[in-house]
Amino acid sequence: MAAASKTTTAGAKSTSRSRSTAKKAEPAIAEFKKDEELHAYREMLLIRRFEEKAGQLYGMGLIGGFCHLYIGQEAVVVGMQMAKIEGDQMITAYRDHGHMLAMDLDPKGVMAELTGRRGGLSKGKGGSMHMFSKEKHFYGGHGIVGAQVSLGTGLGFANKYRENGNVCMTFFGDGASNQGQVYESFNMAELWKLPVIYVIENNKYGMGTSVERSSSMTDLSQRGASFNIPGEKVDGMDVRAVMAASKKALEWCRAGKGPYILEMVTYRYRGHSMSDPAKYRSKDEVQKMRTEHDPIEQVRKRLLDNKWATEDDLKAIDKEIRGRVAEAAEFAQSDPEPDASELYTDILL
């Protein structure tokens, strides 16, 4: 009996040891073919050049109000765009220009809305934070922190009710992840098994406060654990990792299993908005991210290393995209402002 007891104890210790030393599975990274690398490069570069131009126009006083740039975070929305199917929706916060471009909205319409012109996506009346396109399944930019999470949950409810097989990708930041309405949305989404992917774009800073100082639980992928919502932490600076994780989450939702959380660990190079000097972090920190983790440079290097493009090829792509952005900026400055009568249209009474 003693021998058996000793063996059982040893076996228990062995099992315990094997559990403690078991390695967590490494996140998947999609293997891109040439056309996928080129697509990702073009899409991310368009967002980068567009945002750089928007920053210039803001500095010239041609864009008023708030303007939140997406520079540095391009891989998140492009990787998700590459995984979705027609009919899937996106809804996000106020750092929304990149999401609109990834959803194939006309750069002219986006830029014209920033400058408050008639040809803008919201007729020049919404500005940076309030642009929509039902046709492209983009449901806004929202200025109220966390408000889009409950709205995205509602879009997921509509998808389930209509049995259309679509998924709503609901984006919000690390700062917004502490909002109460986020957890109410989690609870309802899991109760009703709604097809929603909650995409937490963790760029390390909620305005000027680091996530370590604002969140007691900094592994944001686990924020849905108490609601039984699975989550995954993703390298949001690698478009391949984003696409792989997005495909997995989309399959989960389409299978009727309910919501999924993706924490995209990313980084914004500029301040929270154009009026933010970002003195809460060092220049060395930003430069390190640009040098070692830039999402566009990673793709550029793979294209060159695989001999799928030459330096001249990539320069030609950059020239073409700069031309598109310059055209959009010209339109946004020359297009007329809305007529005064537009003050009384599109109002819900």
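One-based numbering along the sequence shown.
- Ion pair Lys125/Glu342 flagged as a salt bridge, since at least one NZ, NE, NH1 or NH2 atom sits closer than 4.0 Å to an Asp/Glu carboxylate oxygen.
- Residues Tyr183 and Ile200 share a single hydrophobic cluster, defined by chaining ILVMFWY side chains whose heavy atoms lie under 4.5 Å apart.
- Under a cut-off of 6.0 angstrom, the local environment of CG in Leu304 is crowded, with over 12 non-hydrogen atoms contributed by other residues, nucleotides or ligands.
- For the residue pair Asn164 / Asn159, a side-chain donor-acceptor distance below 3.5 Å is found, with atom types taken as modelled.
- In summary, Glu327 and Arg324 do not engage in a salt bridge, as defined by a charged side-chain N under 4.0 Å from a carboxylate O.
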In sequence, state the C-alpha distance, the side-chain angles, and the governing distance for Phe132 and His142, and then conclude on ring pair (Phe, Tyr, Trp, His ring centres under 6.0 Å).
-> CA-CA 10 Å; Phe132 307 83; His142 294 269; 5.7 Å; yes
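- Applying the ring-ring contact (aromatic ring centres under 6.0 Å, His included) test between Trp192 and each of Phe157, Phe186, Tyr161 identifies Phe157 as the sole match.
- In this pair, Tyr198 and Phe172 present their aromatic rings perpendicular. The plane angle is above 60°, beyond the 30 to 60° band.
- Heavy atoms only, all atoms of each residue included: Gln181 and Ser150 are closest at OE1-OG, 3.7 Å.
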I would like to know whether Glu37 and Lys34 meet salt bridge (Lys or Arg N to Asp or Glu O under 4.0 Å); could you show each step before the answer?
-> CA-CA 5 Å; Glu37 293 282 25; Lys34 177 181 177 180; over 6 Å; no
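- Contact annotation: the side chain of Ile85 approaches that of Arg254 to within less than 4.5 Å [non-hydrogen atoms, C-beta and beyond].
- Two residues are said to be in side-chain contact when any heavy atoms from C-beta on lie closer than 4.5 Å; Ile71 and Glu74 meet this criterion.
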Step by step, would you call Val110 with Met131 a side-chain contact (heavy atoms from CB on, under 4.5 Å)?
-> CA-CA 8 Å; Val110 181; Met131 285 185 256; 4.1 Å; yes
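- Side-chain contact between Met237 and Met264: absent, with no pair of heavy atoms (C-beta onward) separated by less than 4.5 Å.
- Ring geometry for Tyr205 versus Tyr280: interplanar angle of 30 to 60°, hence tilted.
- Contact check for Lys233 versus Gln222: no side-chain heavy atoms found under the 4.5 Å cut-off.
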Step by step, work out the side-chain contact (heavy atoms from CB on, under 4.5 Å) result for Met243 and Gln81.
-> CA-CA 8 Å; Met243 182 180 175; Gln81 174 252 359; over 6 Å; no
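- Phe50 and Val299 fall within a single hydrophobic cluster, where Ile, Leu, Val, Met, Phe, Trp and Tyr side chains are chained together by heavy-atom contacts under 4.5 Å.
- Under the side chain to side chain contact (heavy atoms under 4.5 Å, CB included) test applied with Gln298, the options Val239, Leu303, Asp238 reduce to a single match, Asp238.
- Ion pair Lys248/Glu232 flagged as a salt bridge, since at least one NZ, NE, NH1 or NH2 atom sits closer than 4.0 Å to an Asp/Glu carboxylate oxygen.
- For Gly156 against Pro195, the heavy-atom pair with the smallest separation is O-CD, 3.3 Å.
- Not counting sequence neighbours, the partners of Lys288 by the salt bridge (Lys or Arg N to Asp or Glu O under 4.0 Å) test are Glu292.
- Residues Met44 and Ile47 are not in side-chain contact: their nearest non-hydrogen atoms beyond the backbone lie 4.5 Å or more apart.
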In sequence, state the C-alpha distance, the side-chain angles, and the governing distance for Phe66 and Ser128, and then conclude on side-chain contact (heavy atoms from CB on, under 4.5 Å).
-> CA-CA 7 Å; Phe66 290 100; Ser128 181; 5.9 Å; no
Could you walk me through whether Lys193 and Glu190 pass the salt bridge (Lys or Arg N to Asp or Glu O under 4.0 Å) check?
-> CA-CA 5 Å; Lys193 301 297 181 185; Glu190 178 60 22; 2.5 Å; yes
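- When every heavy atom of Arg118 is checked against every heavy atom of Asp339, the shortest pair comes out as NH2-N, 4.3 Å.
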What's the verdict on salt bridge (Lys or Arg N to Asp or Glu O under 4.0 Å) for Arg300 and Asp318, showing C-alpha distance, side-chain angles and the deciding distance?
-> CA-CA 11 Å; Arg300 183 179 186 277; Asp318 192 20; over 6 Å; no
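- Taking every heavy atom of both residues into account, Ile197 and Ser246 meet most closely at CD1-O, 4.4 Å.
- With hydrophobic clusters built from ILVMFWY side chains whose heavy atoms lie under 4.5 angstrom apart, Val145 does not share a cluster with Val149.
- A donor-acceptor pair shorter than 3.5 Å can be found between the side chains of Thr310 and Asp313.
- Note on ring orientation: taking the six-membered ring where Trp is involved, the planes of Tyr269 and Tyr267 are tilted (angle from 30° to 60°).
- Here the closest non-hydrogen pair linking Asn178 and Ser215 is ND2-OG, 3.3 Å.
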Show the numbers, then the answer: is there a salt bridge (Lys or Arg N to Asp or Glu O under 4.0 Å) between Lys123 and Asp346?
-> CA-CA 10 Å; Lys123 303 179 183 178; Asp346 306 310; 3.4 Å; yes
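- The two residues His97 and Glu51 have their closest heavy-atom pair at ND1-OE1, 2.7 Å.
- Using a cut-off of 4.0 Å between Lys/Arg side-chain N and Asp/Glu carboxylate O, Asp294 and Arg48 are scored as salt-bridged.
- Here the two rings, on Tyr70 and His99, have centers that are under 6.0 Å apart.
- Using a 4.0 Å cut-off between a side-chain N of Lys or Arg and a carboxylate O of Asp or Glu, Asp305 and Lys301 qualify as a salt bridge.
- The distance from atom CD1 of Ile317 to atom CG of Asp312, rounded to the nearest 0.5 Å, is 11.5 Å.
- Around CZ of Phe227, the count of heavy atoms belonging to other residues, nucleotides or ligands within 6.0 Å exceeds 12.
- Proximity of Tyr139 to Thr92: side-chain heavy atoms (C-beta onward) are nowhere separated by under 4.5 Å.
- Looking at heavy atoms from C-beta onward, His39 lies in side-chain contact with Met82 at the 4.5 angstrom threshold.
- Taking a 6.0 Å sphere around CE of Met207, one finds it holds 12 or fewer heavy atoms contributed by other residues, nucleotides or ligands.
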Output, in order, the C-alpha distance, side-chain angles, deciding distance and verdict of side-chain contact (heavy atoms from CB on, under 4.5 Å) for Met80 and Val77.
-> CA-CA 5 Å; Met80 296 208 71; Val77 73; 5.7 Å; no
Which is it for His130 and Glu113 under the side-chain hydrogen bond (donor to acceptor under 3.5 Å, both in side chains) test, yes or no, and what are the steps along the way?
-> CA-CA 9 Å; His130 305 98; Glu113 188 59 41; over 6 Å; no
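- Tested against His68 for a side chain to side chain contact (heavy atoms under 4.5 Å, CB included), the candidates Met129, Arg270, Met274, Arg268 yield a single pass: Met129.
- Taking the side chain as every heavy atom from C-beta outward, Val265 and Asp235 never approach each other to under 4.5 Å.
- With respect to Glu297 and Arg302, no salt bridge is recorded, no charged nitrogen being found less than 4.0 Å from a carboxylate O.
- A salt bridge is absent between Arg223 and Glu263: the closest approach of a Lys/Arg side-chain nitrogen to an acidic carboxylate oxygen does not fall below 4.0 angstrom.
- Gln73 and Asn203 form a side-chain donor-acceptor contact under 3.5 Å, judged by distance and modelled atom types alone.
- A salt bridge is absent between Arg240 and Glu31: the closest approach of a Lys/Arg side-chain nitrogen to an acidic carboxylate oxygen does not fall below 4.0 angstrom.
- Using cut-offs of 30° and 60° for the angle between ring planes, the His272 and Tyr94 rings count as perpendicular.
- Taking CD of Glu212 as the reference point, atom OG1 of Thr218 lies at 6.0 Å (rounded to 0.5 Å).
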